[in-house]
Amino acid sequence: MEKNKDKQILTNQSHRVLDQENPSGYTILAADDETELLDILELYLEREEITVCKAKDGIEAMKIFKQEQIHLALLDIMMPGLDGFAVLRKIRESSKIPVIMLTAKNQDYDKILGLEIGADDYITKPYNPLEVTARIKAQLRRKYDYREDARESKSILVLRDVEMNVPEGTVERNGQSVGLTPTEFRILKVFLEHPGRIFTKQQIFEQVWDEMYAGDDNTVMVHISNLRSKLEDGQEGKTPFIKTIKGLGYKIEKEEKK
């Protein structure tokens with residue numbers, strides 16, 4: 001009974017409305033065993049009227065996540081109790097909130113693994129609190145403010161057997177729900193809005209992350225791979241929904257090729 005109760009609490013995390021008592025409406029979970037870094041970061045976020053729930057390890061992070069209304073999680077990978085990867089996996093069992101991972105400098109394996117299991121972004125240590133604040137604000141804006149943008153664009157995007165409801169943030173293929181992270185959702189939206197068009201990794205990055213492309217890394221590639229896996233699950237025998245155009249980029253065909 002207690003297990004089901006916890007599961008229900010976690011499920012509710014992705015459906016709660018913004019807290020009316022918090023001027024910005026946002027509360028984030030920040031988990032890092034280097035508590036002095038969290039104290040400094042909190043000062044910057046408070047200026048943006050973003051409430052910070054701090055945790056010194058993964059176990060405390062999950063306790064906060066179950067009890068509080070969390071809109072974004074900032075997770076250090078190297079934490080006692082449960083590491084950042086374990087916390088991310090638990091969050092992704094039922095929630096689609098944006099998750100940013102904190103990684104040690106030049107640890108490419110950690111970055112790729114985090115993206116593969118559902119992280120939306122990563123920041124390397126040591127970091128500038130101003131950069132972290134900007135990244136957090138960008139993720140919150142993309143996740144929760146896109147509904148305003150949807151009023152100026154098509155609310156329902158349909159291509160072949162995929163349907164995206166932009167205001168509700170849902171995707172279906174052949175009538176079956178497809179659970180996507182916020183970043184995967186935004187990438188798919190770019191393709192659905194421009195069927196048949198080839199997008200380079202740079203174009204995808206700059207449209208989805210709203211930042212200048214810094215170079216050739218694996219970020220876009222890993223998210224595309226995850227998106228493909230989810231869209232093509234149970235679709236054996238069909239051609240790949242997202243095609244790789246060698247030397248150019250990616251695209252979705254307007255019609256399925258026989």
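All values reported here derive from a predicted model rather than from experimental measurement.
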Atom pair [atom1] ([X]) and [atom2] ([Y]), whose distance is rounded to the nearest 0.5 Å:
X    : Y    : atom1 : atom2 : result
I123 : N128 : CD1   : CG    : 10.0 Å
I91  : L75  : CD1   : CG    : 5.0 Å
L88  : I100 : CG    : CD1   : 12.0 Å
L188 : L157 : CG    : CG    : 8.5 Å
R135 : Q139 : CZ    : CD    : 9.0 Å
Y109 : E116 : OH    : CD    : 8.0 Å

Which atoms form the tightest heavy-atom contact between [X] and [Y], and what is the distance?
X    : Y    : answer
T181 : G118 : CG2-O, 3.8 Å
T244 : Y250 : OG1-CE2, 3.6 Å
F241 : V162 : CZ-CG2, 3.4 Å
I242 : E232 : N-OE2, 4.1 Å
M101 : V99  : SD-CG1, 3.9 Å
D121 : L115 : N-CD2, 4.5 Å

Looking only at atom types and distance, does a side-chain atom of [X] sit under 3.5 Å from a main-chain N or O of [Y], one as donor and one as acceptor?
X    : Y    : result
E184 : L180 : no
N218 : M221 : no
R92  : I97  : yes
N174 : Q176 : no
R173 : K230 : no

By side-chain contact (heavy atoms from CB on, under 4.5 Å) - contacts of L45 (at least two apart):
I28, L41, I50, V52, T133, I136
Near K137 NZ, under 6.0 Å, is it more than 12 heavy atoms from other residues, nucleotides or ligands?
no
Is the closest basic N to carboxylate O distance between K143 and D120 below 4.0 Å?
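Salt bridge: no.
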So, K189 and E193, do they make that salt bridge, N to O below 4.0 Å?
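Here K189 pairs with E193 in a salt bridge, since their nearest N and O are under 4.0 Å apart.
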Does a side-chain heavy-atom distance below 4.5 Å link [X] with [Y]?
X    : Y    : value
Y122 : T219 : yes
E48  : Y26  : no
E68  : L29  : no
H194 : F199 : yes
K111 : T124 : yes
K125 : L102 : yes

Checking K243 against I198 for the side-chain contact (heavy atoms from CB on, under 4.5 Å) test, could you report, in this order, the C-alpha distance in whole Å, the side-chain angles of both residues, the deciding distance, and whether it holds?
CA-CA 9 Å; K243 293 186 64 176; I198 298 173; over 6 Å; no
Pair L37-Y127, side-chain contact (heavy atoms from CB on, under 4.5 Å): steps then yes or no
CA-CA 10 Å; L37 295 181; Y127 56 72; 3.7 Å; yes
Joint cluster assignment, [X] & [Y], ILVMFWY side-chain distance < 4.5 Å:
X    : Y    : value
L192 : V190 : yes
L159 : V178 : yes
I70  : M79  : yes

For Q207 and Q203, test the side chains for any donor-to-acceptor distance below 3.5 angstrom and give the result as yes or no.
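Checked: Q207/Q203 side chains show no N/O donor-acceptor pair below 3.5 Å.
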Does the side chain of T183 come under 3.5 Å of the side chain of R186 through a donor N or O and an acceptor N or O?
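Note: T183 and R186 side chains meet the donor-acceptor criterion.
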List the steps and the verdict of side-chain contact (heavy atoms from CB on, under 4.5 Å) for K54 and T35.
CA-CA 8 Å; K54 296 180 290 185; T35 56; over 6 Å; no
Checking side-chain contact (heavy atoms from CB on, under 4.5 Å) for the pair H223/V208: CA distance, chi angles, key distance, verdict?
CA-CA 11 Å; H223 281 298; V208 172; over 6 Å; no
Set of salt bridge (charged side-chain N to carboxylate O under 4.0 Å, His left out) partners for E163, sequence neighbours left out
none
